[in-house]
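Here's the structure we're looking at; comments come further down.
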Amino acid sequence: MALADIRALSRNEDGIAVAAGVLKQRFGDAFQTGEAIRGQHAHTTTYIRPQLPDGVLFATSTDEVSEAVKICAEYAVPVIPFGTGTSLEGHVNAPAGGISIDTSRMNAILQVNPEDLDCIVEPGVTREQLNDHLRDMGLFFPVDPGANASLGGMAATRASGTNAVRYGTMKDNVITLEAVMADGTVIQTGARARKSSAGYDLTRLMVGSEGTLGLITKITLRLHGIPEKIGAGICGFESVEGAVEASIAAIQCGLPVARIELVDELNMRAINAYSNLNHGESPTLFLEFHGTEASVAEQLETFAAIAGEFGGRNFEAAVHTEDRNRLWQARHDAYWAALQLRPGAKGISTDSCVPISRLAECIAQTRADIESEGLLGPVIGHVGDGNFHVLLLIDTDDPQEIAKAEKIVERLNERTIAMGGTCTGEHGIGQGKRRFMTLELGESVGIMQLIKHALDPKNIMNPGKILPPGRE
């Protein structure tokens, strides 16, 4: 069984050829068919093998996206949305060929409403671009998946990140959006009002649909005020269990943690070597608190006391920007540091989420499984919401190592689902986790299939993603 389902789907050769010709005539140089450009718009960030589209359209407006989708719909040609290409589960691959619609040139911040704490952006705006624009207004957008991803892609994959424990995920921060559907129709899923009881929640349907129902062309996002004070902390623990129990206790007592990240001892060792640091090489929590100067000081003090009850040691706090950045540098370097544990190896980044009460147990079983297969797989996690990642370091030219990694990932997904969790807390399904959808959601997959067929009867919107093989 392959780690990701990247089987080629049947191609509509005649339709693709005709549609490509029409698109070229209509859009000129904005439509490209060179192999290098097409290669850049297939999946290249992880282990999953690239599957190239037949052409790439650099769209600049909703009208252009709508027109292009209408052309593709007329000739039954697949449409694959593309933002910045940072997704991890093969979302931008083209298993049936087709046209990649690149929205990176749709990068205007259309409107900021400080009084309402919201803004309207085009899908190609990246999170760093938006926050740079908002900084002088005293506002920020909190969802941080790590990569400087496009906001359209983040909405499409229901992205999350380190701030989710306090500010939520994209699901919680998208108010409404505009999308081009499979026939080229442009829809608005709701109003800017903070709540509504009007009809089906189409916004939530589109957020996380991974381009399989429509292509997002505008997004209205919830904003937050930049906190008066930010405090950071780092604390080592004797065990992963102690770190998780301290996190649970902090959340249960109402401590408003903004970030709480777990890094295991293997990754801490890698970080020290990579970044020339001297942190303790034990399971470690990285924390951040937002509020007033007095409240942040109180939160840091309270967490230090809680940590001490669960084996926490050498708690270090920082409130000045330079000191906070120094503490968090270790967490930011975790991915690149982990790769140095085995030079030349490639990393397979997993993404699981369980109820927080099962987190320590799930991590312990997963680490034992990795060790039994003789592989390296450091663990990091957004411990405040039960989400964790394993970075399996493998030689992708060695079939035996690939087979071992496949077994580990399969057992991990089965383990998290059995514990009442999910096979993906933030990366999405794409091609990588399609085969676990039925195990996790059961008959709900059939309802998703009905929705997909109703909204996209020709199956042209990002085919071969989300729905299990044979259920597209």
Side-chain angles (χ1 to χ4, degrees), residues 1-4 45-48 88-90 145-147 162 236-237 239-241 243-244 261-275 279 281-286 330-354 358-383 386-419 421-427 430 432-433 436:
M1 183 178 292
L3 193 61
T45 56
T46 63
Y47 164 89
I48 300 173
L88 295 168
E89 295 292 348
T162 58
F237 287 81
S239 66
V240 169
E241 290 77 11
V244 172
E261 298 285 291
L262 170 68
V263 179
D264 75 355
E265 60 268 32
L266 180 59
N267 217 329
M268 288 303 297
R269 186 169 78 236
I271 285 166
N272 280 343
Y274 179 79
S275 302
H279 293 301
E281 294 178 359
S282 65
T284 300
L285 289 180
F286 293 80
R331 172 61 182 87
H332 294 320
D333 288 344
Y335 174 80
W336 301 108
L339 292 179
Q340 302 309 307
L341 288 167
R342 189 179 178 188
K346 291 185 179 180
I348 298 175
S349 180
T350 68
D351 165 41
S352 300
C353 189
V354 294
R358 305 296 300 273
L359 181 60
E361 177 188 4
C362 191
I363 290 175
Q365 292 182 17
T366 301
R367 285 166 25 130
D369 194 13
I370 294 168
E371 291 173 4
S372 72
E373 294 288 356
L375 294 181
L376 284 176
V379 174
I380 60 174
H382 314 312
V383 66
N387 190 193
F388 73 98
H389 308 277
V390 177
L391 188 66
L392 292 172
L393 303 174
I394 67 167
D395 177 359
T396 53
D397 293 325
D398 185 338
Q400 290 186 338
E401 288 200 8
I402 292 174
K404 289 179 179 180
E406 289 172 351
K407 291 178 183 177
I408 291 168
V409 172
E410 183 168 9
R411 289 192 291 262
L412 171 58
N413 290 330
E414 292 171 348
R415 183 180 305 118
T416 58
I417 292 169
M419 290 182 175
T422 174
C423 65
T424 175
E426 55 189 20
H427 291 175
K433 296 189 175 181
F436 300 104

Could you state the interatomic distance from [atom1] ([X]) to [atom2] ([Y]), rounded to the nearest 0.5 Å?
X: Gln340; Y: Asp333; atom1: CD; atom2: CG; result: 11.0 Å
X: Asn387; Y: Glu261; atom1: CG; atom2: CD; result: 9.0 Å
X: Phe286; Y: Arg331; atom1: CZ; atom2: CZ; result: 8.5 Å
X: Asp264; Y: Arg269; atom1: CG; atom2: CZ; result: 9.5 Å
X: Ser349; Y: Glu89; atom1: OG; atom2: CD; result: 8.0 Å
X: His279; Y: Ile271; atom1: NE2; atom2: CD1; result: 8.0 Å

Which pair of heavy atoms, one from [X] and one from [Y], lies closest together, and at what distance?
X: Pro283; Y: Ser239; result: CG-C, 3.7 Å
X: Tyr335; Y: Leu391; result: CE1-CD1, 3.7 Å
X: Ala405; Y: Ile348; result: CB-CD1, 4.1 Å
X: Pro378; Y: Asn267; result: CB-ND2, 3.8 Å
X: Ala337; Y: Ala270; result: O-CB, 3.5 Å
X: Leu341; Y: Leu376; result: O-CD1, 4.1 Å

Query raised in the report: Step by step, would you call Leu412 with Asp369 a side-chain contact (heavy atoms from CB on, under 4.5 Å)?
Result: CA-CA 9 Å; Leu412 171 58; Asp369 194 13; over 6 Å; no
Contact check, side chains of [X] and [Y], non-hydrogen atoms, under 4.5 Å:
X: Phe237; Y: Ser282; value: no
X: Arg415; Y: Cys362; value: yes
X: Val390; Y: Thr366; value: yes
X: Asn413; Y: Ser352; value: yes
X: Arg367; Y: Leu266; value: no

Requested in this report: Tell me, please, which residues at least two apart from Glu281 pass salt bridge (Lys or Arg N to Asp or Glu O under 4.0 Å).
Outcome: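 Expected list: none.
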Query raised in the report: Using 30° and 60° as the class limits, which term best fits the ring planes of His389 and His427: parallel, tilted or perpendicular?
Result: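 Answer is parallel, since the angle falls under 30°.
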Query raised in the report: Does NZ in Lys404 sit with more than 12 non-hydrogen atoms of other residues, nucleotides or ligands closer than 6.0 Å?
Result: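 Yes, because the 6.0 Å sphere around NZ of Lys404 holds more than 12 heavy atoms from other groups.
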Report task. Using atom types as modelled and distance alone, determine if a side-chain donor or acceptor of Lys433 lies under 3.5 Å from a backbone N or O of Asp351. Result ->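 Yes, the answer is positive, given that a donor and an acceptor are paired below the 3.5 Å cut-off.
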Do any side-chain atoms of residues 392-400 form donor-acceptor pairs under 3.5 angstrom with protein atoms, and if so which ones, sequence neighbours left out?
| unit_1 | atom_1 | unit_2 | atom_2 | d |
| --- | --- | --- | --- | --- |
| Asp395 | OD1 | Asp397 | N | 2.9 |
| Asp398 | OD1 | Gln400 | N | 2.9 |
| Asp398 | OD1 | Glu401 | N | 3.4 |

